[in-house]
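Report on the structure given below.
Throughout, residue positions are numbered sequentially from 1 according to the sequence presented. The analysis underlying the following values was restricted to heavy atoms, covering all of them including side chains, and did not include hydrogens, waters or symmetry mates.
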Amino acid sequence: MCEDDHGHDDAQDHGHDRSGIGRRAVFVTGAAAALTLGSVSFASAAPRERRTGTVRGTLPPGSPDFVYVPVEVPRGVREIHVAYTYARPTVPAGTQGNALDIGLFDERGTELGGRGFRGWSGGARTEFFVRADDATPGYVPGPVRAGTWHIALGPYTVAPQGLSYELTITLTHGEQDETPRPVYPPERARGRGRAWYRGDCHLHSEYSDGRYTLAEIAGLARAAGLDFINSSEHNTHSAHAHWAEHAGDDLLILLGEEVTTRNGHVVALGTDPGTFVDWRYRARDNRFGRFARQIRRAGGLVVPAHPHATCIGCNWKFGFGEADAVEVWNGAYTPDDEVALADWDGMLVASVRDGRRDWIPAMGSSDSHRSPDVIGRPQTVVLADDLTREAIQEGIRAGRSYVAESSKVSLSFTASGGRGEHAGIGERLRVDRDTPVTVRLEVTGAPRCTVRFVTDQGVLFTGDPLPVSGTGAVEWRTTASYAAYVRAEVRHEAAAGPLPGALAAFTNPVFLGS
C-alpha cells in the first residue's frame, strides 16, 4: 500500500445547508489502483427537502483506474441524484484526451465482487438517479439506506493537462416507495426440437452505452431472423429485470453482461438472472480466473469479445485458458476480425499439435449499439436440442455452430469416410490416418462468394465462385494424415490484390482421425 493525494486538495465544499466534505486518508492499492478521496457529508433534512453538494478535483496523467468519492448519506433519504462534468482540453495529434466514466456503490462498500454495486453508466450519461422504486437505466433500484456510499470515477484516458471534474450530488428526503420484484424472461421458447437456431449474443441498449431501447432490439432481432439474443450491457446487469415483456415463444432472451476491463472485454453469456460480474481489475492483478469461475457458477459461458479490437482497453490480455468460446467476428467484418480469425486458427493448430481433445469454439456477434449498426450481422447459428438456455449454451460450448453475416446465409458442412462414417461441425470423424475422407459444404444465400477449406496446414482448397443464385455445393477429398481438421470459409469477392475478401460465413472445424 502507498499513499497519494491526487485530486484530494482540489476538492471544494460548495454544498448548501451544511453539506460538505470531510477529510479522510487517501490510499492506493493493487496493480489496477484505486484512490479514495475525502467524503461528502450531508445534514438531515425535512421530507421532500433537497440538499446539494458539489465536489471539484483534478486527476493527473497516470491516475489510478478508479477513484472513489465517499458520500455520507443520512437517514430519511428517498433519492440520490448525481450529475458530473469534466474538462476536455485540446490535445496534440496522437495524444489521448480526457474521458471519465462514472458509477455508484451503496453503503455495503466498494470491495471487489460488487456487493455494494448500484450501477454503472461509463461515459454514456452525464447524470443519474437511484431510488427504491426506480433508477436511471444502467443503475439498480433498491432501498436508499444510511451510510457511506461511493461515487466511482473511472479516468479512462487523461490528457497531459490533467482531468478536471465537477460532481453535483443531490439528496432528496422523504418516504421511500416499495422496490419492485424483478421479473425475468423465461429460459425456454418454442423451438423446433433438434435444429439450427440463430442468435446474436453481444448487444447494447440504453441500459449501457447503446441507443436502442429493449423493444427496438427485440423487434430488430425478430426482423433479422434470430431465435435468441443475449443481454450484454457494459458492467451492469440492470437490464435483466426489464427484458421479460420483450421475450416470446419466437425469441429466447438470455441474460448476461459485457465485463469491460482495462485489459479486454468478455461476454458473460446466459448467466442466472440478476448476476453481476465485477470488472475492476487488470491482467496483472491475476483475478480474472475468479470472475470467470463466477460466470460459470451462475450458469453462463465465458466468451472473450473482439480480442484484437484496437480501441483503448479492448485488446484481450487475459489469455484463453478460461474461455468457453471466443468472439472471432464482431460487427461489420474488418481487419481486426481477420487477425482474430487467424489467431483462433492458430489455437486450433496448437490443440491438435499437443494432442489435446479440448479446443475453443468460435462465435460471431453484432456488438450493435445504435443505428446504423445491424443486429444479427453477424450471427451464430447453433445446432441445439431445443430453444432453451441450456441447450443453446451446450451447442455453443461443443462448437456445433457456424457464423453467418445474415439469416440469408445457410451452411451444411460434413465429413464422411468410406464406410459410412459421418461427422458434422464441431464433431470428430473417427477414421484411420490414411482413410479417404470427403468434405462437403452446401451453401445458400451467398452469391458470387468463394468457398475455402482451411486445415492445420492452412488453406488447401479454394473453389470457384458460387453462382449468382448464391446456392451451391463444394466437395474436397483428403485424409486424416493430411488434415487434422477442416473448417470452411465463405468469402465475398476481394476488392483488389491478394488479400481474401470479407467473410460471408465460416464454420467451426470438423476434426479427422481417431
Side-chain angles (χ1 to χ4, degrees), residues 15 17-20 22 24 36 39-53 55 66 68-84 102-122 125 127-153 167-184 206-208 214 231 233 235-245 255 257 271-280 294 298:
D17 301 312
R18 294 179 296 167
S19 62
R24 60 174 58 187
T36 301
S39 61
V40 183
S41 299
F42 288 83
S44 298
R48 298 188 180 181
E49 189 174 353
R50 294 182 177 180
R51 296 290 175 89
T52 297
V55 179
F66 302 102
Y68 297 100
V69 180
V71 179
E72 302 297 340
V73 177
R75 295 184 183 278
V77 172
R78 168 182 170 83
E79 178 184 287
I80 297 177
H81 181 277
V82 178
Y84 82 119
I102 196 166
L104 184 68
F105 290 78
D106 65 21
E107 85 290 346
R108 291 171 293 179
T110 62
E111 290 81 7
L112 196 64
R115 185 166 176 263
F117 177 78
R118 291 300 291 270
W120 183 258
S121 49
R125 299 183 183 278
E127 59 183 304
F128 62 85
F129 74 89
V130 170
R131 294 198 307 264
D133 62 317
D134 198 8
T136 300
Y139 293 79
V140 182
V144 179
R145 292 177 287 260
T148 303
W149 290 52
H150 289 84
I151 298 168
L153 300 178
L167 301 173
T168 302
I169 306 150
T170 302
L171 304 186
T172 301
H173 291 252
E175 185 176 348
Q176 299 188 47
D177 293 326
E178 291 291 325
T179 300
R181 183 176 180 178
V183 178
Y184 300 114
E206 61 185 352
Y207 281 82
S208 59
L214 303 188
S231 177
E233 307 295 357
N235 295 346
T236 180
H237 62 295
S238 63
H240 287 193
H242 300 275
W243 273 112
E245 65 182 287
L255 302 177
E257 178 186 334
T271 52
D272 293 336
T275 298
F276 166 72
V277 184
D278 213 322
W279 71 95
R280 294 171 295 162
Q294 179 198 350

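- Nearest approach of His173 to Pro74, heavy atoms of both residues: CE1-CG, 3.9 Å.
- Thr179 and Pro141 get closest at one heavy-atom pair: CG2-O, 4.2 Å.
- Shown here are the side-chain contact (heavy atoms from CB on, under 4.5 Å) partners of His81, two or more places apart in sequence or in another chain: Glu79, Ala83, Glu127, Phe129, Thr170.
- Separation of atoms CD1 (Ile169) and OG1 (Thr52) is listed at 9.5 Å; rounding is to 0.5 Å.
- Counting only heavy atoms from C-beta outward, the side chains of His237 and Val140 approach each other to under 4.5 Å.
- Nearest heavy-atom pair, Phe276 versus Gln294, reported as atom, atom and distance to 0.1 Å: O-NE2, 2.8 Å.
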Can you list the steps and then say if Val40 with Val69 is a side chain to side chain contact (heavy atoms under 4.5 Å, CB included)? CA-CA 8 Å; Val40 183; Val69 180; 4.1 Å; yes

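- Closest of all the heavy-atom pairs between Ser208 and Glu233 is OG-OE1, 2.5 Å.
- Under the rule for a side-chain contact (heavy atoms from CB on, under 4.5 Å), the partners of Glu107 that lie at least two apart in sequence or sit in another chain are Arg145, Trp149.
- Trp279 and Trp120 have tilted rings, their planes meeting at an angle from 30° to 60° on a 0 to 90° scale.
- Results of the side-chain contact (heavy atoms from CB on, under 4.5 Å) test with Phe117 over Leu104, Thr236, Asn235 single out Thr236 as the only residue that passes.
- For the residue pair Arg118 and Arg131, the shortest heavy atom distance occurs at NH2-O, 4.3 Å.
- Of all heavy-atom pairs spanning Arg125 and Tyr84, the tightest one is O-CE2, 3.1 Å.
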How far apart are the C-alpha atoms of Phe128 and Ile102, what are their side-chain angles, what is the distance that settles it, and do they pass the side chain to side chain contact (heavy atoms under 4.5 Å, CB included) test? CA-CA 10 Å; Phe128 62 85; Ile102 196 166; 4.0 Å; yes

Derivation and outcome, side chain to side chain contact (heavy atoms under 4.5 Å, CB included), residues Arg280 and Leu112: CA-CA 7 Å; Arg280 294 171 295 162; Leu112 196 64; 4.0 Å; yes

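- With sequence neighbours excluded, the residues that form a side-chain contact (heavy atoms from CB on, under 4.5 Å) with Gln176 are Ala132, Pro143, Val144.
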